[in-house]
Engineer: 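The structure is given below, and queries will be raised subsequently.
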Amino acid sequence: MNTEVIIVGAGPVGLLVAAELRLAGVDVVVLERLAEPNPHPKALGLHARTLEQLAMRGLAEPFLSGGVKVPAWHFGFLEQRLDLTRMDTPFPFMLAFPQHRTEALLAGRALELGARIVRGAAVTGVIQSGDRVRVDTDGQSWEAGWVVGADGAGSTVRKAAGIGFPGTDADTFAYLGDVHADAPPAPGYGMQNERGALIVAHLPGGLLRFTGFDPLRQDPANRELTMEELGETVERISGVEFGLRDPEWLTRFGNATRVAADFRRGRVLLAGDSAHMHFPAGGVGLNLGLQDAMNLGWKLAAVVQGRAADTLLDTYSAERRPWAADVAEHTLAQTALITATNPTGQALRALLSGLVRTLPDLSLVLARRLSALDVHYPAPGAHPLVGTRVADALLLEGKPLVSGRTLIRPDGYVWWATEGEDNPPDLGVTFRD
Ligand SMILES: Cc1cc2nc3c(=O)[nH]c(=O)nc-3n(C[C@H](O)[C@H](O)[C@H](O)COP(=O)(O)OP(=O)(O)OC[C@H]3O[C@@H](n4cnc5c(N)ncnc54)[C@H](O)[C@@H]3O)c2cc1C
C-alpha cells in the first residue's frame, strides 16, 4: 500500500500531525496497534500555548466549552500555587480536559479532513531505501516517502531508525488511582509533607484521580497497584479517610527522562513521547507533543509537495529539541521538590513556596515556562521579532499571514519582520492557493 506520509501511532500527537498534513492536502495513513482507543486519560490538562495553537485553526471552542478553567497551577507540588491569571495570553489558565477526549476531538478532525486511520496495525519494522520508506505491520507492508514516529516512549520507529534516546533511568515511582470516593475532597485538594505527596483531580462522571509520591513504596519491581495499597498510602499521607472504592484505573509510573538525539533521521521524523519522555510533573508532556505536531505539520507538507527543500525539516529538530530539553530539566527539578520529604527538603520547599508567594514575578516566570509561552525560535542576525510567539493569529488554513510589518508562520511564530517598507523575501517555501 502506498501513500505520501505514514504516521505510526494514533495518540494525540500522531492525530494532530495527520490533521495538519491533511489541511495541506497530503495523503496520510495513520497506523495504530490498538484496536480501540485507550479508555484511560493519562494527561488531564491543556496549557495556554497549546490552546493558542488550537485556536489558530479554529479548534479551541469544543475544548473550552467542555473543560474546566483552572486559574492556579502547581509547580513541584509547592504549597503556593502559581497564579496563571497574569499570563499575557487569551487563555490565562490551565484547561482541565481529559486526554481521551482530546484524542477523540483530534481523531474527528483528522478523519473529517480525509486522513485514513488503520487500527489493529502494530508496526514491527521501518526500512529506509532511497527516497522511499517501507513500514511493516503483522502481515502487511506499507510504503511512503516519509514516516512520522508518534508511537510513544517505547517507539519502534525511533529504534528502527537508530536514533539514540539518552537520559536517565527512573529512580522515583508515583502511584495513580482513578477511583470513586464516599467522601471526596473539595476541588484543588493536595499536599506534600514528610510522609509523601498527594494531589486529587476531579474527573468527569464523579471520578477522582488520587496521584502522588509514597516514599515507602519505591520498589521498581512492584508495578502493580492494588486498591488496598492506594487506600493505605492516601490515608497515611493525608490523615483522611476518603472511602475510596470502584477503581477504574490503578497504575504506577516512573521518572525516566530522555530526549532523542535527533528528531530526524533521513525520511523518518519523531514527534511527541517518541522524541522525549519525563515525569508528568506540571502536566506538560502532551502539550509539548502537540506543539511538536504544529511545528512539524506545515514543514513536512511543504517538503512532500515540493514547495520547500527538505532542509526545512532540519529546522524542526533544531527548533524543538532545546524545548524538549527544557521540559526535561524543569520536570526533573519538580521531581526533586515532590520527593523532598526529609527535613532538608521540607525546608527548601518552604523557602521556595514563600518566594513564589511574595514575588509575583517569580510565579509568572514559572507559569510561563509550564505553559510554553516562553517558547521561541531565535534566528541569529535577524530582526529581534523573528521567532517570537504570536498569541492570537487566525491561521485557519495553515498558511502564513502578513500582519502589519511581520509575516507569521503557520504555527504562530514570526517568520520575517521589517522596520521599513520592504516586502517579505523569498523564504524558500511556497503555499498553494
Ligand atoms: C500518568 C500520566 C499522567 C500524565 N499527565 C499529563 C498531563 O496532565 N498533561 C500533559 O500534558 N501530559 C501528561 N502526561 C503525558 C502525556 O500523556 C503524553 O505526553 C502523551 O500521551 C503523548 O502523546 P503521544 O501521542 O506522543 O504518545 P502516546 O499517547 O503514547 O500515543 C502513542 C500511540 O502509538 C501507539 N503505538 C505504539 N507503538 C506502536 C506500534 N509499534 N505500531 C503502531 N502503533 C503504536 C500506541 O498504542 C499509542 O496509541 C501524562 C502521562 C502519564 C503516564
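Source: prediction; values computed, not measured. Counting starts at 1 for both ligands and their atoms, following the listed order.
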Engineer: Number the atoms of ligand 1 from 1 as they appear, then name those within less than 4.0 Å of a heavy atom of Leu34, with their elements.
Structural biologist: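 Reading through ligand 1 atom by atom, the close ones are 47 (O).
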Engineer: Based purely on interatomic distance, does Trp249 place a nitrogen or oxygen under 3.5 Å from a nitrogen or oxygen of ligand 1?
Structural biologist: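 Among all N and O atoms of Trp249, none is under 3.5 Å from an N or O of ligand 1.
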Engineer: Of all the atoms in ligand 1, which lie at a distance below 4.0 Å from a heavy atom belonging to Ala121?
Structural biologist: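 Contacts of ligand 1 toward Ala121, numbered from 1: 42 (N), 43 (C).
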Engineer: Do Arg217's NZ or CZ and the ring of Tyr175 fall within the cation-pi criteria of under 6.0 Å and 45°?
Structural biologist: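 Judged by the rule, Arg217 and Tyr175 form no cation-pi pair.
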Engineer: Within the 4.0 Å heavy-atom shell around Gly285, which atoms of ligand 1 are there?
Structural biologist: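 Atoms satisfying the 4.0 Å criterion: 10 (C), 11 (O), 12 (N), 19 (O).
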Engineer: Considering distance alone, does some N or O of Glu103 sit under 3.5 Å from an N or O of ligand 1?
Structural biologist: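 No; the residue has no nitrogen or oxygen that sits under 3.5 Å from a nitrogen or oxygen of the ligand.
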Engineer: I'd like the name of whichever of Asp151, Thr211, Val157 reaches closest to atom 37 (C) of ligand 1 through any heavy atom.
Structural biologist: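 The nearest heavy atom belongs to Asp151.
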Engineer: Please classify the Leu286 to ligand 1 contact at 4.0 Å (heavy-atom distances, strictly less than): side chain, backbone, both or neither.
Structural biologist: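 Both backbone and side chain.
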Engineer: Does only the side chain of Gln99 get under 4.0 Å from ligand 1, or the backbone, or both, or neither? Count heavy atoms.
Structural biologist: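 Only the side chain of Gln99 comes within reach of ligand 1.
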Engineer: Does the Lys NZ or Arg CZ of Arg320 fall within the cation-pi geometry relative to Tyr316 - under 6.0 Å from the ring centre and within 45° of the axis?
Structural biologist: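 Cation-pi check for Arg320 and Tyr316: fails.
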Engineer: What about Glu32: any of its N or O atoms under 3.5 Å from an N or O on ligand 1?
Structural biologist: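 Yes, Glu32 has an N/O under 3.5 Å of an N/O on ligand 1.
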Engineer: To check your reading of the model: name the closest protein heavy atom to atom 25 (O) of ligand 1, its residue, and the distance in Å.
Structural biologist: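 Ranking protein heavy atoms by distance from atom 25 (O) of ligand 1, first comes Val13 N, 3.1 Å.
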Engineer: Considering the heavy atoms of Gly152, write down every atom of ligand 1 situated less than 4.0 Å from one of them.
Structural biologist: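 By the 4.0 Å cutoff, the relevant atoms are 27 (O), 30 (O), 32 (C).
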Engineer: Are any of the N/O atoms on Val8, whether in the backbone or the side chain, positioned under 3.5 angstrom from an N/O atom of ligand 1?
Structural biologist: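 No; the residue has no nitrogen or oxygen that sits under 3.5 Å from a nitrogen or oxygen of the ligand.
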Engineer: Could you check whether any side-chain N or O of Glu397 sits under 3.5 Å from a backbone N or O of Lys399, counting only pairs where one atom can act as donor and the other as acceptor?
Structural biologist: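 Not at all, since once roles are kept as given, no pair shorter than 3.5 Å links the two residues.
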Engineer: With respect to atom 6 (C) of ligand 1, which of Pro37, Ala43, Gly154 exhibits the smallest heavy-atom separation?
Structural biologist: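 Shortest heavy-atom distance from atom 6 (C) of ligand 1: Ala43.
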Engineer: Are Phe242 and Tyr189 an aromatic pair by the rule of ring centers under 6.0 Å?
Structural biologist: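 Aromatic pair counts; centres sit under 6.0 Å.
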Engineer: Of all the atoms in ligand 1, which lie at a distance below 4.0 Å from a heavy atom belonging to Val284?
Structural biologist: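 By the 4.0 Å cutoff, the relevant atoms are 9 (N), 10 (C), 11 (O).
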Engineer: Is the closest side-chain heavy-atom distance between Arg389 and Val375 below 4.5 Å?
Structural biologist: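 Heavy-atom side-chain distance check fails, nothing below 4.5 Å.
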Engineer: Which atoms of ligand 1 sit under 4.0 Å from any heavy atom of Gly272?
Structural biologist: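 Under 4.0 Å from Gly272, ligand 1 has these atoms: 26 (O).
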Engineer: Under 4.0 Å, heavy atoms only, figure out whether ligand 1 is touched by the backbone of Ala150, its side chain, both or neither.
Structural biologist: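 It is the backbone that gets close, since no side chain atom is under 4.0 Å.
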Engineer: Give the numbers and elements of all ligand 1 atoms closer than 4.0 Å to a heavy atom of Leu31.
Structural biologist: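 Listed by number with element: 43 (C), 44 (N).
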Engineer: Please check whether Leu176 reaches ligand 1 - meaning an N/O of the residue sits under 3.5 Å from an N/O of the ligand, judged on distance alone.
Structural biologist: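 Checking ligand 1 against Leu176, no N or O pair falls under 3.5 Å apart.
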Engineer: Check each atom of ligand 1 against the heavy atoms of Thr156 and keep those under 4.0 Å away; list them by number with element.
Structural biologist: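 Close to Thr156: 41 (N).
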Engineer: Would you say Phe253 has any N or O atom under 3.5 Å from an N or O of ligand 1, going by distance alone?
Structural biologist: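 By distance alone, the answer is no.
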Engineer: Just going by heavy-atom distances, which of Pro12, Gly11, Gly289 is nearest to atom 23 (O) of ligand 1?
Structural biologist: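 Minimum heavy-atom distance to atom 23 (O) of ligand 1 goes to Pro12.
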Engineer: Can you check whether Val123 has an N/O within less than 3.5 Å of an N/O in ligand 1?
Structural biologist: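 By distance alone, the answer is yes.
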Engineer: Classify the contact between Ala174 and ligand 1 as side chain, backbone, both or neither, using a heavy-atom distance cut-off of under 4.0 Å.
Structural biologist: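 Under 4.0 Å from ligand 1, Ala174 contributes no heavy atoms.
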Engineer: Tell me the nearest of Lys42, His276, Arg119 to atom 3 (C) of ligand 1, using heavy-atom distances.
Structural biologist: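 Of the listed residues, Lys42 has the closest heavy atom.
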Engineer: Examine Leu44 against ligand 1 and note whether any of their N/O atoms are separated by less than 3.5 Å.
Structural biologist: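 N/O-N/O distance under 3.5 Å: yes.
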